[in-house]
Student: 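This is the structure I want to talk about, given as C-alpha cells.
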Amino acid sequence: MGFKEFVTALFQLDKDWTTRIVMGMLVMGVIWGLLGVIDSLMVRLQETIWGVSGVLVFTPQEYFASITLHAERDLFGFAQQVIYAIFIFFTIKLLNLQPRAKWLLNVSFILINISMMFMEGPVVLVPNFNDNYFSATIWYYISPIGLPNYSNYVVSPLFFIGWLLLDAFTYMAGIWIVYHYYIASRQLKEKLPVPLVFFLMDTLLFMIGYSGVTAANVWDLLSFYNVIPMNPIANQIAFWIFGHAVVYMAWLPAIGALYLLIPTLANRPLFSDRMGRISALLYLIFSNNVPIHHLYMVNLPVTIKVLQEVLTYAVVIPSMMTFLNLWATVKGAQVKFNVITAFTVTAFTGAIAAGVTGISNATIAFDAIVHNTDWVVSHFHAMILLSIVPAAMAVLYFMIPMMTGRQWFSSKMAWFHWLGYVIGSVLFVVGYELQGLEGLIRRAEIYPRIPSLVDAEVLSTVGALIAQVATLVWFLNLVLTLVKGRTARLEGLSVGQLINTVASSLGWEGESINISTLFSKIMIKKAISSMWALGILGSIIIVVSMFPLAMSGNTYNDLPWIWITLLTLGIVLIAYPILRGAKSL
C-alpha cells in the first residue's frame, strides 16, 4: 500500500463527507491524545525519579507545562473532539438525515485543532515575555497571571485566543448538532431513543457549561490589551463555571453509550424508558448548576457554598436512577463475553467506584481536608480512566467497522488492550488516592521522600506505563484495521445487528451473542417551535447572567445571587423546552 492509499484509508477519503470529517476528528483526536500521554509520562517520571533518587530530570517549567498540556490535549483535543465526532456520526446515521451546513462543521474542525496549537506555545509576541513555557499557566487560569500590568509573568495573547477558538468550536459544532436535531424533530412521530436523548442533552451541556469560560476568555483578552479592568475573583468563578460541568460533559456520553449497549448486549428492552429520559433532564439541570463546588476555599459567602453543596448532592439522584435502570435491564440476562461487553462492564462499574469518591469532594467539611490534594486527582482520573474511556472504547470497537466496512485486524490485540488498560488504570488511580490520603498536594514536583509516598508514586507510574502500552497496542490494531482489516458485510444492518456482527469477531473463544435491534424506524412529525424559542431565550439569559458576576466586586452583595438565579433560570429554559421540542421527553 502506497502513501496515498494509506492516507485515503486512514481518513476514509473515499467515503461521504460526513464520514470523512468524523474520521478526521477521530484521527486528530487520537493524535492529540497520544501527545497528551507523552506529557503525562513526563509528569510521572519527574515525580517518581524524585522520590526514588532525589533528582529532577526536567525543569519546573517543563514539569508544569507537561501537566497542563496533558490536560489540554487529552481533555479537549482528544476527548471533546472524539465526543463531538461520535455525536455527529450517530445523529446523522440514527436519525437518517441528509446532513447540511458542511462549511460550519469543517470550520469548527479546523478551529479546535488550531486552538490546541495556540494554547500550547511556544509563541513569543510580547516584549517582556519571560520564557517559552506559557502553557505552564493554563490549568491554573487564575487571572491576572499572564496579563500585562497585572502580573510579572506575561504570556502571549495567543494563549487567550486559543481558548476563544476552542469556545468557537464548542458552539459552532454544537449548533450544527442541535440544528440537525431540530430538523429531525420537524419530522419525528416517535420519541428519540434514549441514547440520542443523552447525546443531545450533552451537546447542550457543553454549550451551557462553556458560557462562563467564554466570558472569562473574552474578559482576559480585553484586559490583556487594557480595554477593561480585571476582577480576579469574578473572573476565576466565571472560568470555573465549566470546572464541574466539564466532568459531566465527558462522562454523560459514556452514560448514553451504556443506554445503547447494555439493552443491546442483554437482548432486552430498557427497564424504564421514562426513567432514562427524566434522568437526562436532571443531569442537564444539576450538572451545570454546581459551577463553584470546586471553589469552596474561594472568598465567597458561606450560604452560596452550602447551596452548591446541596445542588451537588442532587446530581446523585439521576445517577442512582441511571444505574438502577441499567442494572434492572440486564439482571438475569445471558450475555456472552466479548471485548465490547468487557469495556461496557468496566464503564458501568468504574462510574460507580469513581462516583463514590466524588460525593466526598462535594462535602464542604471533607473538601477542606482533601482540597487540592491528589485525592481529587484520583477521583477525576478514576472517572475518566475507568468509565469515560472504556465506554468510548466500547463504542469505537463497533463504530470503526461501521464507518470503514472492515473488521478489526486482531481480536487478541483487542483483548490485550482491555486487560492491560484496566489493570494499569486501577493501579494508577489507587496510587494517586494513597498520595491524597497522605496529604500530598496536587502538582507537587518536590515532596517528602518517605516510603508511603514514594511507593504510591511508583505504583501510579507503573500503572500508567501498563495502561499506555495497552493503548498503543490498540492504536496499532486501529491502523492495521484501516489498511489490512478484512472486509465486513455490514450494509443494511441495524445498530444492534452490527454490534452483534462485530462482537462475534471479538468474542471470548469465538462466542457471540444474540442481539435484537435497539432502534425502531423514526417517523415524521412537525416540531414544537415554541419549545425551541424558549431554549434560545434561556441561552440569552445565561449570557446576561455573566454581567452581574462581573460587576460583583468583592462578591459580598446581592449581585452573585442575581447571577446564580439567572444562570439557573437559563439552564431550565434550555433543558426542558429543547429536550421536549426534540421529542426526548
Side-chain angles (χ1 to χ4, degrees), residues 25-47 62-86 112-121 135-141 162-163 165-166 169-170 202 206 209-210 213 242-254 343 347 350 354 374 376-393 395-396 417 420-422 424-425 428-429 432 442-443 460-461 463-472 474-475 478:
M25 295 175 75
L26 291 177
V27 171
M28 291 304 301
V30 169
I31 290 173
W32 288 118
L34 292 176
L35 290 175
V37 164
I38 295 173
D39 296 317
S40 68
L41 282 177
M42 291 177 65
V43 175
R44 299 304 327 130
L45 289 174
Q46 181 86 323
E47 295 181 8
E62 290 169 329
Y63 169 78
F64 285 106
S66 296
I67 294 176
T68 293
L69 292 175
H70 161 59
E72 169 203 320
R73 289 164 168 167
D74 282 338
L75 185 55
F76 303 128
F78 168 66
Q80 184 172 346
Q81 187 163 204
V82 168
I83 287 169
Y84 267 59
I86 291 173
I112 187 173
N113 290 289
I114 292 179
S115 74
M116 294 298 101
M117 302 175 192
F118 276 21
M119 281 192 279
E120 69 182 37
S135 53
T137 70
I138 186 175
W139 206 244
Y140 284 96
Y141 210 95
W163 268 101
L165 292 179
L166 176 63
F169 162 80
T170 301
D202 196 57
F206 266 101
Y210 265 77
V213 72
F242 98 125
H244 183 266
V246 71
V247 177
Y248 281 84
M249 292 173 197
W251 181 53
L252 291 178
F343 273 109
D374 278 335
V376 180
V377 179
S378 173
H379 161 61
F380 66 73
H381 275 88
M383 187 64 74
I384 293 169
L385 298 178
L386 297 177
S387 183
I388 296 171
V389 172
M393 287 301 175
V395 171
L396 290 175
H417 171 215
Y421 178 83
V422 171
S425 296
F428 177 87
V429 167
Y432 260 99
R442 60 200 299 187
R443 310 181 186 92
S460 287
T461 300
L465 288 171
I466 294 173
Q468 289 165 7
V469 168
T471 302
L472 288 175
W474 169 80
F475 179 70
L478 172 63

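When reading the values below, keep in mind they use all heavy atoms of this one structure, side chains included, and skip hydrogens, waters and symmetry mates.
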Student: Return the set of residues passing ring pair (Phe, Tyr, Trp, His ring centres under 6.0 Å) with Trp32 (not counting sequence neighbours), or none when no residue passes.
Tutor: none
Student: To the nearest 0.5 Å, what is the distance between CG on Leu69 and CD on Glu62?
Tutor: 11.0 Å
Student: How many angstroms lie between atom CG of Leu166 and atom CD of Gln81, to the nearest 0.5 angstrom?
Tutor: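 So the CG of Leu166 and the CD of Gln81 are separated by 10.0 Å.
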Student: Would you check if Val37 and Thr471 make a side-chain contact, meaning some heavy-atom pair closer than 4.5 Å?
Tutor: no
Student: Going from CG on Leu478 to CG on Leu396, what distance comes out if it is rounded to the nearest 0.5 angstrom?
Tutor: 8.5 Å
Student: A side-chain contact here means heavy atoms from C-beta on lying under 4.5 Å apart; do Leu34 and Val30 qualify?
Tutor: yes
Student: Is the closest side-chain heavy-atom distance between Ser66 and Gln46 below 4.5 Å?
Tutor: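 No, side chains not in contact.
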Student: Check whether any side-chain heavy atom of Leu165 sits under 4.5 Å from a side-chain heavy atom of Ile112, and report yes or no.
Tutor: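 Sidechains of Ile112 and Leu165: no contact.
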Student: I'd like to check Val43 versus His70 (side-chain heavy atoms, cut-off strictly below 4.5 Å). Are they in contact?
Tutor: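 Of all side-chain heavy-atom pairs linking His70 with Val43, none is under 4.5 Å.
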Student: Would you check if Tyr421 and Leu385 make a side-chain contact, meaning some heavy-atom pair closer than 4.5 Å?
Tutor: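 A side-chain contact exists here, since the closest heavy-atom pair is under 4.5 Å.
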Student: Looking at side-chain heavy atoms only, is the closest gap between Phe206 and Tyr84 below 4.5 Å?
Tutor: yes
Student: CZ of Arg73 to CD1 of Ile38: how many Å apart, nearest 0.5 Å?
Tutor: 8.0 Å
Student: List for me each residue that meets side-chain hydrogen bond (donor to acceptor under 3.5 Å, both in side chains) alongside Thr170, sequence neighbours excluded, and say none if there are none.
Tutor: Gln80
Student: First locate atom CD of Glu72, then atom CG of Asp39, and finally report the distance between them rounded to the nearest 0.5 Å.
Tutor: 8.5 Å
Student: Quick one: which of Leu386, Ile466, Val389 gives a side chain to side chain contact (heavy atoms under 4.5 Å, CB included) with Ser425?
Tutor: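 One option only clears the test, and that one is Leu386.
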Student: When rounded to the nearest 0.5 angstrom, what distance separates CD in Glu47 from CG in Asp374?
Tutor: 7.0 Å
Student: Side chains of Phe380 and Tyr432, heavy atoms from C-beta outward: is any pair under 4.5 Å?
Tutor: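 A side-chain contact is absent here, since even the closest heavy-atom pair is not under 4.5 Å.
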